[in-house]
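Below is one structure, written out as structure tokens; the observations come after it.
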There are 2 protein chains.
Amino acid sequence: MSDNDSGRAPRKRVTIKDVAKAADVSPMTVSNVVNGKHQFVSERTRKAVEREIARLNYRVQHSARSLRVSRRRSVGMIFVDESPSFLVDHFNAHVVAGLCNVLSTADHTVTVQGIRAGQFNQSSIIRNFAVDGFCVVLSGPPDERNAILNSLINLDQPLVLMQEPIASPNQETCIVRQDDAGGGRLLADHLAARRVGTVLVVVPSQNWPAIDQRVAGLREGFLAAGGDVRIDVVHAETEEFDSARAAVIGYLDRHPLPNAIVGGNDRFAIAAMSILLDRGIAVPERVKITGFNGFEQRRYARPLVTTVISSAYELGERAGQMLLTRFEEGRFPTRELVLPVYFELGETT
Amino acid sequence: MSDNDSGRAPRKRVTIKDVAKAADVSPMTVSNVVNGKHQFVSERTRKAVEREIARLNYRVQHSARSLRVSRRRSVGMIFVDESPSFLVDHFNAHVVAGLCNVLSTADHTVTVQGIRAGQFNQSSIIRNFAVDGFCVVLSGPPDERNAILNSLINLDQPLVLMQEPIASPNQETCIVRQDDAGGGRLLADHLAARRVGTVLVVVPSQNWPAIDQRVAGLREGFLAAGGDVRIDVVHAETEEFDSARAAVIGYLDRHPLPNAIVGGNDRFAIAAMSILLDRGIAVPERVKITGFNGFEQRRYARPLVTTVISSAYELGERAGQMLLTRFEEGRFPTRELVLPVYFELGETT
DNA sequence: CTGTTAGCGCGTTCAA
DNA sequence: TTGAACGCGCTAACAG
């Protein structure tokens, strides 16, 4: 392996000084080489320094550099979510992936954390993040979200709020979201054209602003389409598949079959559909079904659900870009960015 | 919002000194309060200091603290994966969630990064991680994995390797994995008992050690069960649903229908099943199907696939615990940890 | 219980 | 093109 690690004694950290000594130059020169300030270093010394860096296996000490330049090259990604498996949601997973990939290209690092709304203020976790900015997905009822938002703002760092329907409250915060309400309207138009008269909407009881927007858009769309549509909403206790199923079963036990079921996301749509199929109710003939998000998992269920496609990965990328330009240019390029969503016809309508 | 942010001038950073001055104590006392060393601080001064901390909105400067104590309280989670959406895989998502939750409880932070095998050594990204240890999921062919492993070892930091079948190469590295081979054997036993004579195994061409283990266990199991089973393996180009479908279609075009199809994970199993259903081939009557992992998404497809359950979340938790005790006690409690897997009967066998 | 001193490793500033 | 001095904010070690 490396040439001289016979013992397991913790080798002393190799510093810029050590490299300087070995290459017989000043520490400053090493620093210039490390940071690519080649204007200040002759080709020959640079080569020599680089050789010593490799030989000694030198790596910069980020805490020292950060302390000096007060820049961490790092952003914190926070999910306020009741579920411990906050990343299992595909939306979240895509956002993180997009964010990470954009930021790592610019040599930045992403620190992830899921946290329950109730613990947010107690927890020192967020305050302990050593980052230059945050990207946050909030959930929970409006007043709780607001309290968290205030804590975040008090951190006094660049902040990207994902999927928040509110306006950016100040210069230091920027909204990145998709047009969820528009998605709801697309679904309403589609269903209205199919003469749907009663709709069941299935959503988690955990309050996600994006899902609220979808439902609001749905209502709005039906209203605009004229016709007299009855919309019932049921709340599943948790985000889980069985929880959504239970909510639908509860509803169906007490109400006539609706003409359509709209899931707050594809998982909920598929859960609802599974019950209809269990009961031999034909989809889409007797009941139409639509979901929301359009991630790959939707392919597992048949018939394929009609949905509205979210660009979650791109949302993450955009958030990353926003933060990067905020870091480089001192301000966000825009206070709000809204990505479009796309209607995707499946076999369930 | 906060009481005095009239201007948008970047407020100067509040340091321990500022708090000390305001509370009329020495910086050291503030430090002791911040770090909970209450033995060294009287109740009264502590209260006073805490009041000033809150009033001035003081937060510790982690780079300074880290520089001083040479401890970052942070770990890096790395996925060597060809897919940019590395977190969309439920296994990975669960691992991250488990790791994050355990570590955040101990006031540690997790930095995530997905990286392509080919870029690993070029990239300065990993070297730039300011962390106390790494948790890594490797993929790719053995020699490539080995090269990466060596780079990682050269970082000279505590290292947890997830899902690697190898033995821990040194004191600083620890293996955390599940018994994938055992899972393969469970599946083989089950299928052998159902008199399966020909098996198609569908795996991604990207080389995941865990999947190799599953297949090896499967072979072993069939061998042990006696009988003369023919096992064919097809490789899907990517990890995607359609890619798996294409691989299965290609196989079926050239071979008679196997008695069973085993997916390297549930997604692959479900993709294979979708083709059989398209063609009106009865599952499980004509072809039996099994998957691997048992995450919730498996519920979307019907019939429900028989599978082997992975405890990915727990794997992440255990990795976190390993690292924490390594940090606190200077050594890993064990060099290898193997979690069991569980057979889960579905409707496809 | 509280204060003082010193220095972690780096990069900026300025002088050579 | 290179070097020396200094200090970023914090805490270990010790002195009071």
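A, B, ... follow the sequence lines: proteins, then strands. Residue 1 opens every chain. It should be emphasised that the depicted structure is a prediction, and the values quoted were computed from it without experimental measurement.
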Exercise for the section: Go through DNA chain C in 5' to 3' direction and return only the first and the last nucleotide with some atom under 4.0 Å of chain A's heavy atoms. Expected result: C:dG9 to C:dT12
Over how many whole Å does the gap from [X] atom [atom1] to [N] atom [atom2] extend?
| X | N | atom1 | atom2 | value |
| --- | --- | --- | --- | --- |
| A:Arg65 | D:dG9 | CZ | P | 18 Å |
| B:Arg71 | D:dT11 | CZ | P | 14 Å |
| A:Asn32 | D:dT2 | CG | P | 9 Å |
| A:Lys17 | D:dA4 | NZ | C1' | 11 Å |
| B:Arg68 | D:dG7 | CZ | P | 18 Å |
| A:Gln61 | D:dG9 | CD | C1' | 14 Å |
| A:Met28 | D:dC6 | CE | C1' | 13 Å |

Categorize [X] for me: base, sugar-phosphate, or nothing, with a 4.0 angstrom heavy-atom threshold over every strand shown.
| X | answer |
| --- | --- |
| B:Asn35 | sugar-phosphate |
| B:Thr45 | sugar-phosphate |
| A:Val25 | sugar-phosphate |
| A:Ile16 | sugar-phosphate |
| A:Ser70 | nothing |

Without hydrogens or angle criteria, can the side chains of [X] and [Y] be said to hold a donor-acceptor pair below 3.5 Å?
| X | Y | result |
| --- | --- | --- |
| A:Gln171 | A:Arg331 | no |
| B:Ser63 | B:Ser66 | no |
| A:Thr109 | B:Thr111 | no |

Exercise for the section: Could you go through the side chain to side chain contact (heavy atoms under 4.5 Å, CB included) check for A:Leu155 and A:Phe134 one step at a time? Expected result: CA-CA 10 Å; A:Leu155 255 30; A:Phe134 287 98; 3.6 Å; yes
Practice task
Using the closest heavy atom to pick a nucleotide of DNA chain C for each, name whichever of B:Leu67 or B:Arg46 lands nearer the 5' end.
Solution key: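 Comparing both residues, the 5'-ward one is B:Arg46.
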Fill in the blank from the handout: Assert: residue with more 5' nearest nucleotide on DNA chain C, out of A:Val69 and B:Gln39, is B:Gln39
Exercise for the section: Can you pull out how bent the helix from C:dC1-D:dG16 to C:dA16-D:dT1 is, comparing the axes over its first five and last five pairs, to 10°? Expected result: 30°
Between [X] and [N], is there a side-chain N or O to OP1/OP2 distance below 4.0 Å?
| X | N | result |
| --- | --- | --- |
| B:Ser31 | D:dT11 | yes |
| A:Lys37 | D:dT1 | no |
| A:Thr29 | D:dG3 | yes |

Practice task
List the steps, then state whether side chain to side chain contact (heavy atoms under 4.5 Å, CB included) holds for A:Val137 with A:Ile78.
Solution key: CA-CA 6 Å; A:Val137 179; A:Ile78 296 171; over 6 Å; no
Exercise for the section: Could you tell me whether the side chain of B:Cys100 reaches within less than 4.5 Å of the side chain of A:Phe86, counting heavy atoms only? Expected result: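 Yes, their side chains come closer than 4.5 Å.
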Exercise for the section: In sequence, state the C-alpha distance, the side-chain angles, and the governing distance for A:Arg65 and A:Val34, and then conclude on side chain to side chain contact (heavy atoms under 4.5 Å, CB included). Expected result: CA-CA 12 Å; A:Arg65 174 188 279 173; A:Val34 168; 3.6 Å; yes
Handout entry: Heavy atoms of other groups near A:Asn35 CG, more than 12 under 6.0 Å
Key =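 Correct, the count exceeds 12.
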Handout entry: Donor-acceptor contact below 3.5 Å, side chain A:Asp132 vs main chain A:Arg71
Key = no
Handout entry: Trace of the side chain to side chain contact (heavy atoms under 4.5 Å, CB included) decision for A:Val95 with A:Met162
Key = CA-CA 9 Å; A:Val95 168; A:Met162 309 273 312; 3.9 Å; yes
